Amino acid sequence: MKKLINDPAKTVDEGVAGFAAAHSDLVRVVIDPPFVVVRADAPVAGKVGLVSGGGSGHEPLHAGFVGHGMLDAAVPGAMFTSPTPDPILEATKQVDAGAGVLHIVKNYTGDVLNFETAADLALAEGIEVQSVIVDDDVAVKDSLYTAGRRGVAGTMLVEKLAGAAAERGDSLDRVAEIARTVNSQVRSMGLALAPCTVPHAGEPSFELGEDEVEIGIGIHGEPGRARIALEPADRLVDRLIEPILEDLPFAKDDRVVLLVNGMGGTPMSELYIVFRRAAEVLAERGIDLARSLVGSYVTSLEMQGVSITLLKVDDDLLDLYDAPVHTAALRWGR
Amino acid sequence: MKKLINDPAKTVDEGVAGFAAAHSDLVRVVIDPPFVVVRADAPVAGKVGLVSGGGSGHEPLHAGFVGHGMLDAAVPGAMFTSPTPDPILEATKQVDAGAGVLHIVKNYTGDVLNFETAADLALAEGIEVQSVIVDDDVAVKDSLYTAGRRGVAGTMLVEKLAGAAAERGDSLDRVAEIARTVNSQVRSMGLALAPCTVPHAGEPSFELGEDEVEIGIGIHGEPGRARIALEPADRLVDRLIEPILEDLPFAKDDRVVLLVNGMGGTPMSELYIVFRRAAEVLAERGIDLARSLVGSYVTSLEMQGVSITLLKVDDDLLDLYDAPVHTAALRWGR
Amino acid sequence: MSGLDGAWTRRWIEAVVAEIATRKSELTALDRAIGDGDHGENLDRGFQAVLGKLDALDDAPTPGAVLKLVATTLISTVGGAAGPLYGTAFLKAAMAAGDRPELDATGLVEVLTAARDGIVARGKAEPNDKTMVDAWSPAVEAAGAAGDDVRAVLEAAASAAAEGAIATEPLVAHKGRASYLGERAIGHRDPGAESTALILRVAADTR
Amino acid sequence: MSGLDGAWTRRWIEAVVAEIATRKSELTALDRAIGDGDHGENLDRGFQAVLGKLDALDDAPTPGAVLKLVATTLISTVGGAAGPLYGTAFLKAAMAAGDRPELDATGLVEVLTAARDGIVARGKAEPNDKTMVDAWSPAVEAAGAAGDDVRAVLEAAASAAAEGAIATEPLVAHKGRASYLGERAIGHRDPGAESTALILRVAADTR
Ligand SMILES: Nc1ncnc2c1ncn2[C@@H]1O[C@H](COP(=O)(O)OP(=O)(O)O)[C@@H](O)[C@H]1O
Ligand SMILES: Nc1ncnc2c1ncn2[C@@H]1O[C@H](COP(=O)(O)OP(=O)(O)O)[C@@H](O)[C@H]1O
Ligand SMILES: [Mg+2]
Ligand SMILES: [Mg+2]
Ligand SMILES: [Mg+2]
Ligand SMILES: [Mg+2]
């Protein structure tokens, strides 16, 4: 394990401290209870507050998306571990301006349970809270007999569009509805060429041979659903995008946002090679590439790999996508 | 070597194609001669044109910085290999609006010679060209007896500030002067925890033991000046920032932009741990952290490592830094 | 001693703290195989925090008071799935214990049952879903059938939990992160079932 | 044949194309040690492009015409440091050859001298800076002292270039990427000097 860290037990603390130092114009950071990253000007009068969070190790998600037009607060837990209810409750209180608070929760047992408790506690303090569970990962079969699909890179699109709706003044009900709509129209799938190593574990989350690829990985260094031999990028892209297209399904003339997301250790040059093929597949199917996003936004530490996300949009959702956003990791329009 | 590529010989072609597909709102791409990435609305009437370029493998540099407020064209060469004069000349012609063209060239023999030839050819066609050589890397001793210092991450700050000056309508002389001023006030140094592998070479650019760090690396997978045992991040940061501070030197009450730049395979979480210590050192020295930038902007394929860049600014340079920019990899203010 | 008093409860928890610290990397390794490799860290973080708070207890706390302190501390320090689940288990156990000064065999079975029911209510896992429920449920059943000696009840619960944990190995998971793996989870023991077995084994061994 | 005509020049270049293709990875490996690992690829890309253009030549081209074609093709396809440097070398060589139908020993020495001077003018490297100049300069000197038989001149140039390339090994570099390495460049042969030696060796072996 070779990392730019000091003490494996302090990576989250020091990463949050560095984030706070770099973005003091955008956020303030609560360290007790640890940690809450709050939009500098929260609570914003009259606005629904948006809170998300989850285990650390997925940077820039979620703290990198705190700011105008996106989240009001992010709650980073320990490495790959959902935060406890205390900081979630604290975040909820700090961003509540009386218009209510939306919790955006990735669908993992730990996240769901801890946010659930925090929401109960907030309700008990008189804060109106709604929750939206994000579960965009098509690698996991959604059924009554599993924990359901995971929330992966699509989460950032839920945060972006719901954030824009909150910023324009939509009500809590409406913002929650938009978040649910986005979740229902976004699908993702990822793969890894190399695993990541959780600092305190000191060993890779799984082992991969020099010519193996893990397909259908999550964002917590979980192994995926299948291991195959390494193939050319275009073929691997097909293996990700086809299940995505079939799942919703995405059809001819649909308009989509295409997100090609690096898992943390993948260079931009490879993401663009992936993007090239993904866009080609969409063109072949007559699907309209309305917007493109390429970068490492929802990561698994230094994992080498990529995920592909498609979001089906209409005019209203596209307006929300295009709306100004000013956060550490996503910024346009201001 | 495990990469998301198809054919090692086609990585640049396909990467450029992917970039063009993802950012057709921002750029158009010339494929003959290969390759020129041109701002979609070039030439911009009355504006000095900015052209940069160099070997591929440093993405998002330079193509990611083409757009409003930064470059008018980027010329990506083969992997880690300076482009030839033909596409540089083509770029120069495409962005010339009669106000002249500035070439921003990283100080490598190949880049300097090829841009020199292109500038001569452009002059012969009646285009006024000036060149600025960027050499911000303090790891390399600048002396009459070497090829001089290398251009590394500071290049993006030269491009940003000169780009803002061109966008506000400064003359070629003035834009060139600003670029030279920025270059004279910016210093960088980098390290690697793991090397990169050039696709066609198929082997890492150097070998590093599991507990070794290469200090003073360039951005072409060149080995650095010294190899040391792995240390805590804070100590490594000190090894980078101290030579930087001494070189200019940066002194108490100086105002600086601090760029913590990932080399391609380094996750954001580690960059923030590095940022934390770098900001701490500045505070200890009484140096004023005016602006912060954290991300992987000037990379060496999937190299795992980081570089630190400091730029000393005054009010005018800070205005240029803050001016709106709209490119694929850097965007604010619009 | 015929029943389990607050001092015993405290000794048990102190022993759990030590045991989790010792077996942390083993639990994490189990979680790395079919989860995300943090279960040992998570519990250790939580129980270390518990250790720091034990001194805030009364001189002669009730079992319920100790259990409540463990519950609230785990809830606010563990996170992940295990935090709310163990937190709920200890909270429900504390509520079942009430302010009784001692737990006899019947009381102990009530407490264990409440803990298990709390986990099931929160996590919605059924038996054979390959979760900690697969250690808790057999433990509760064995405890109920063990008669009226608290030591026998503890021993029965610990042994059944250990067997239950082992019995998760051939299962496909239907809850938690291991469920993402489908067939590939087969052959691995569930980390939460293992930590449950460990906690109950320590109880049986605590005098 | 007493002099070198255009057909010979073309045969030489064709043999260089083949030799570079064969020794590409060797050159790249040298460059990986003290540069950026692309020298073989760069030259191969350039000379393959040259091969594709040779048929555009006249039936009976002059040596100068062949050299000029090589020059312009290398300039527009190689890139990096080697592209402009070899491009300039061949361009200056072509200019020195002029429209002479054949090069005798004197003409050949003029051509080699012009190539070397072109490289020095572009790259500003001095002898012992650990660059291709360290192969070219001894080659030019040996060629000048080899008398008036073209074959002897070629053989002298090729041998001197090979020795010059080897002699770069103990040097610290003062130009090119290897200069960034300081003392660590010691012990490695300069890739450009090696490719120069290879190109001149092929010339001596071309009949
Ligand atoms: N729905 C559930 N019901 C009961 N136990 C569960 C459930 N989901 C997960 N678990 C238990 O939690 C354990 C994992 O805990 P831990 O690794 O600490 O949390 P996380 O999965 O969030 O990383 C699993 O081994 C399993 O025993
Ligand atoms: N200033 C210079 N003068 C002469 N030769 C040089 C100079 N700089 C570099 N070279 C030669 O160029 C060679 C490297 O070529 P190549 O690897 O193709 O280009 P790059 O260094 O741009 O990757 C070096 O081995 C050296 O012989
Ligand atoms: Mg976890
Ligand atoms: Mg090169
Ligand atoms: Mg876990
Ligand atoms: Mg080279």
Side-chain angles (χ1 to χ4, degrees), chain A residues 2-7 11-12 14-19 21-23 56-57 59-60 64 193-194 196 208 210-211 213 230 232-234 236 258 260 264-277 279-280 289 292-294 296 299 301-302 304-306 326 328-329 331-334, chain B residues 2-7 11-12 14-19 21-23 56-57 59-60 64 193-194 196 208 210-211 213 230 232-234 236 258 260 264-277 279-280 289 292-294 296 299 301-302 304-306 326 328-329 331-334:
Chain A
K2 259 173 131 176
K3 291 177 184 284
L4 288 165
I5 61 174
N6 292 299
D7 175 351
T11 53
V12 173
E14 294 184 347
V16 169
F19 186 87
H23 305 296
S56 289
E59 292 71 23
L193 300 189
C196 59
L208 270 182
E210 185 47 40
D211 55 355
V213 180
L230 183 60
D234 285 1
L236 292 173
L258 166 58
V260 170
T266 312
M268 285 303 280
S269 47
E270 295 180 30
L271 299 184
Y272 280 115
I273 290 176
V274 167
F275 187 93
R276 185 194 140 279
R277 175 60 188 162
E280 191 171 75
L289 177 59
S292 309
L293 198 54
V294 185
S296 294
T299 64
L301 294 169
E302 79 287 13
Q304 206 190 331
V306 71
H326 181 177
R331 184 169 179 183
W332 56 67
R334 51 178 273 155
Chain B
K2 261 174 128 177
K3 290 175 185 285
L4 289 165
I5 60 174
N6 292 297
D7 175 350
T11 52
V12 172
E14 293 183 350
V16 169
F19 186 87
H23 305 296
S56 289
E59 292 70 22
L193 300 188
C196 59
L208 269 183
E210 186 46 39
D211 55 355
V213 180
L230 183 59
D234 285 0
L236 292 172
L258 166 59
V260 170
T266 312
M268 284 304 280
S269 47
E270 297 180 29
L271 299 185
Y272 281 116
I273 289 176
V274 167
F275 187 93
R276 185 194 140 278
R277 174 62 188 160
E280 192 171 73
L289 178 57
S292 308
L293 198 56
V294 185
S296 294
T299 64
L301 294 168
E302 79 285 15
Q304 206 190 330
V306 70
H326 182 177
R331 185 170 178 183
W332 56 68
R334 52 178 272 155

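Throughout, a chain's letter reflects where its sequence line sits, starting with A, and its residues are numbered from 1. Everything quoted here is computed from the prediction, not taken from an experiment. All heavy atoms count here, side chains included; hydrogens, waters and symmetry mates do not.
- Per-residue counts of heavy-atom pairs under 4.5 Å with chain B were compared for A/Ser269, A/Gly305, A/Ala279; the largest is that of A/Ser269.
- A search for salt bridge (Lys or Arg N to Asp or Glu O under 4.0 Å) contacts involving B/Glu280 returns B/Arg276, B/Arg277, not counting sequence neighbours.
- Contact annotation for A/Ile5: both backbone and side-chain heavy atoms come within less than 4.5 Å of a heavy atom of chain B.
- Of all non-hydrogen atoms in B/Ala233 and A/Asn6, the two that sit nearest each other are N-OD1, 3.1 Å.
- Considering all non-hydrogen atoms of both residues, A/Leu289 and B/Ala21 come closest at CD2-O, 4.4 Å.
- Of all the heavy atoms in B/Gln304 and A/Lys2, the pair that sits closest is NE2-O, 2.7 Å.
- The minimum heavy-atom distance linking A/Ile273 with B/Thr11 is given by the pair CD1-O, 3.7 Å.
- To the nearest 0.5 Å, atom CG of residue B/Asp234 and atom CG of residue A/Leu4 are 10.5 Å apart.
- For A/Leu230, the part lying under 4.5 angstrom from a heavy atom of chain B is the side chain only.
- Qualifying side-chain contact (heavy atoms from CB on, under 4.5 Å) partners for A/Ala329, counting only residues two or more places apart in sequence or in other chains: A/Pro60, A/Phe65.
- Within the 4.5 Å cutoff, no side-chain heavy atoms of A/His23 are placed close to those of B/Phe275.
- With a 4.5 Å cut-off on non-hydrogen atoms, A/Ser296 does not touch chain B at all.
- In terms of heavy atoms, B/Ala22 sits closest to A/Val294 at CB-CG2, 4.0 Å.
- The residue among B/His326, B/Met268, B/Glu302, B/Arg334 with the most heavy atom pairs within less than 4.5 Å of chain A is B/Arg334.
- Per-residue counts of heavy-atom pairs under 4.5 Å with chain A were compared for B/Thr299, B/Leu301, B/Leu236; the largest is that of B/Leu301.
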